[in-house]
Amino acid sequence: MLKFLKQVGDYAKEAVQAGRYIGQGLSVTFDHMRRRPVTVQYPYEKLIPSERFRGRIHFEFDKCIACEVCVRVCPINLPVVDWDFDKATKKKKLKHYSIDFGVCIFCGNCVEFCPTNCLSMTEDYELSTYDRHELNYDSVALGRLPYKVTLDPMVTPLRELVYLPKGVMDPHGLPADAPRPGARPEDLVEQEK
Ligand code: SF4
Ligand code: SF4
């Protein structure tokens with residue numbers, strides 16, 4: 001009889017405990033409903049890509065010396081460098097340059113090793129097309145100025161977490177001139193003076 005009563009007591013205790021935990025869980029859930037959603041409402045809100053974001057590659061035709069380093073360091077030897085040897089000037093003459101972004105893995109090796117800085121990474125990540133052949137960018141397409149999220153009048157640009165001021169977790173409603181976290185090297189030098 002005693003054993004039975006103990007079992008009933010334990011059961012009741014567990015039931016009360018379970019009820020309390022469910023209540024706690026629900027109160028947390030309802031509390032979250034009062035908070036501002038962290039959703040970034042693409043395409044009307046877009047995160048500003050970081051400074052080292054590896055987007056579409058930008059190419060400057062005039063700077064290229066047709067050394068083909070970009071082809072050699074590319075994991076898939078992707079850039080197509082078409083050049084002629086100009087006997088008169090004894091220099092390579094670039095005829096055509098292209099990168100197929102349908103194949104590129106955006107590793108940035110070509111940008112890293114280009115000796116004349118004629119390649120650079122942009123923050124352009126909206127490259128989708130209906131036809132994959134349109135992703136094969138020629139030297140003119142590669143030279144187009146990249147899309148800038150901060151200059152788009154239809155878009156509210158939002159900062160990524162690492163660019164928010166110290167202690168701030170939500171980029172919504174942040175003033176444009178809000179400081180970045182930490183001090184810049186030049187500020188530290190200034191402080192030392
Ligand atoms: S980003 Fe990488 S994969 Fe793309 S062309 Fe450059 S080296 Fe090749
Ligand atoms: S590494 Fe730079 S300079 Fe050399 S071929 Fe490639 S893009 Fe041109």
> If you count the non-hydrogen atoms of other residues, nucleotides and ligands that lie under 6.0 Å from NZ in Lys93, is the total more than 12?
Replying inline: no
> Do other residues, nucleotides or ligands put more than 12 heavy atoms under 6.0 Å from Glu160 CD?
Replying inline: yes
> Is atom CZ of Phe85 surrounded by more than 12 heavy atoms (other residues, nucleotides or ligands) closer than 6.0 Å?
Replying inline: yes
> Is it true that Leu94 and Leu142 fall in one hydrophobic cluster, defined by side-chain heavy atoms closer than 4.5 Å?
Replying inline: yes
>> If you count every heavy atom of other residues, nucleotides or ligands that lies below 6.0 Å from Tyr42 atom OH, does the total exceed 12?
In response: yes
>> Is there a path of hydrophobic side-chain contacts, each under 4.5 Å between heavy atoms of I/L/V/M/F/W/Y residues, joining Met121 to Val71?
In response: yes
> For the residue pair Leu127 and Arg56, what are the closest heavy atoms and their distance?
Replying inline: CD2-CG, 3.7 Å
> Below 4.5 Å, heavy atoms only, C-beta onward: do Asp170 and Arg36 meet side chain to side chain?
Replying inline: yes
>> Let's go through Glu51 and Arg180 carefully: what are the C-alpha distance in whole Å and the side-chain angles of both, what is the deciding distance for salt bridge (charged side-chain N to carboxylate O under 4.0 Å, His left out) to 0.1 Å, and is it a yes or a no?
In response: CA-CA 13 Å; Glu51 288 158 332; Arg180 288 166 48 141; 2.7 Å; yes
>> Once rounded to the nearest 0.5 Å, what's the spacing between atom CZ of Arg54 and atom SG of Cys107?
In response: 7.0 Å
>> With rounding to the nearest 0.5 angstrom, report the CD1 to OH distance, Ile99 to Tyr137.
In response: 11.0 Å
>> Measuring from atom SG of Cys118 to atom OH of Tyr97, what distance do you get when rounded to the nearest 0.5 angstrom?
In response: 6.5 Å
> Which heavy-atom pair separates Val81 from Cys70 by the least distance, and what is that distance?
Replying inline: CG2-SG, 4.2 Å
> Got a sec: does the CZ of Arg52 have more than 12 other heavy atoms crowding it under 6.0 Å?
Replying inline: no
> Do Val69 and Val111 sit in the same hydrophobic cluster, where Ile, Leu, Val, Met, Phe, Trp and Tyr count as joined when their side-chain heavy atoms come under 4.5 Å apart?
Replying inline: no
> Given side chains that start at C-beta, do those of Val155 and Pro43 come closer than 4.5 Å, heavy atoms only?
Replying inline: no
> Got a second to check how far Asp10's CG is from Lys6's NZ, nearest 0.5 Å?
Replying inline: 4.0 Å
>> Is there a side chain to side chain contact (heavy atoms under 4.5 Å, CB included) between Asn136 and Ser98? Walk through the geometry before answering.
In response: CA-CA 7 Å; Asn136 193 359; Ser98 67; 4.0 Å; yes
> Tell me the side-chain hydrogen bond (donor to acceptor under 3.5 Å, both in side chains) pairs involving residues 68-91, sequence neighbours left out?
Replying inline: Glu68-Trp83, Asp86-Thr89
> Under the ring pair (Phe, Tyr, Trp, His ring centres under 6.0 Å) test, which residues partner Tyr163, sequence neighbours left out?
Replying inline: none
>> Under the rule for ring pair (Phe, Tyr, Trp, His ring centres under 6.0 Å), what residues qualify as partners of Phe61, not counting sequence neighbours?
In response: none
> How close do Pro37 and His172 get, heavy atom to heavy atom, and via which atoms?
Replying inline: O-CE1, 4.0 Å
> Nearest 0.5 Å, what's the CG-CD1 distance between Asn109 and Ile76?
Replying inline: 10.5 Å
> Is any side-chain heavy atom of Val168 closer than 4.5 Å to a side-chain heavy atom of Leu174?
Replying inline: yes
> Which heavy atom of Ile65 sits nearest a heavy atom of Pro115, and at what distance?
Replying inline: CD1-CG, 4.3 Å
> Is any side-chain heavy atom of Ile105 closer than 4.5 Å to a side-chain heavy atom of Pro75?
Replying inline: yes
> Is there a path from Ile48 to Tyr147 through hydrophobic residues (I, L, V, M, F, W, Y) whose side chains come within less than 4.5 Å of each other?
Replying inline: yes
> So which heavy atom on Lys92 is nearest to which on Ala66, and how close?
Replying inline: NZ-O, 2.9 Å
> Are Phe106 and Phe101 close enough, and set up right, to give a ring-ring contact (aromatic ring centres under 6.0 Å, His included), and what steps lead you there?
Replying inline: CA-CA 8 Å; Phe106 299 93; Phe101 290 115; 5.6 Å; yes
>> Under the criterion side chain to side chain contact (heavy atoms under 4.5 Å, CB included), I'd like the reasoning laid out for Val28 against Gln24: C-alpha separation, chi angles, the key distance, then a yes or no.
In response: CA-CA 6 Å; Val28 171; Gln24 273 176 359; 5.6 Å; no
> Any side-chain heavy atom of Val16 within less than 4.5 Å of one from Tyr11?
Replying inline: no
> Would you call Lys148 and Asp152 a salt bridge, using N to O less than 4.0 angstrom?
Replying inline: no
> Does a salt bridge link Lys46 with Glu123, judged by any charged N lying under 4.0 Å from a carboxylate O?
Replying inline: no
> For the side chain of Thr39 and the backbone of Gln41, is there at least one donor-acceptor N/O pair under 3.5 Å apart?
Replying inline: no
> Quick check: does any side chain N or O of His58 sit under 3.5 Å from a backbone N or O of Gly143, one acting as donor and the other as acceptor?
Replying inline: yes
>> Restricting to non-hydrogen atoms, name the atom on Ala176 and the atom on Arg159 that form the minimum distance, rounded to 0.1 Å.
In response: O-NH2, 3.2 Å
> Would Leu78 end up clustered with Val73 when hydrophobic side chains under 4.5 Å apart are linked, directly or stepwise?
Replying inline: no
> At what distance, to the nearest 0.5 angstrom, does CG of Leu135 lie from OG1 of Thr129?
Replying inline: 4.0 Å
> Stepwise, does the side chain to side chain contact (heavy atoms under 4.5 Å, CB included) test hold for Thr116 with Cys64?
Replying inline: CA-CA 7 Å; Thr116 61; Cys64 182; 5.6 Å; no
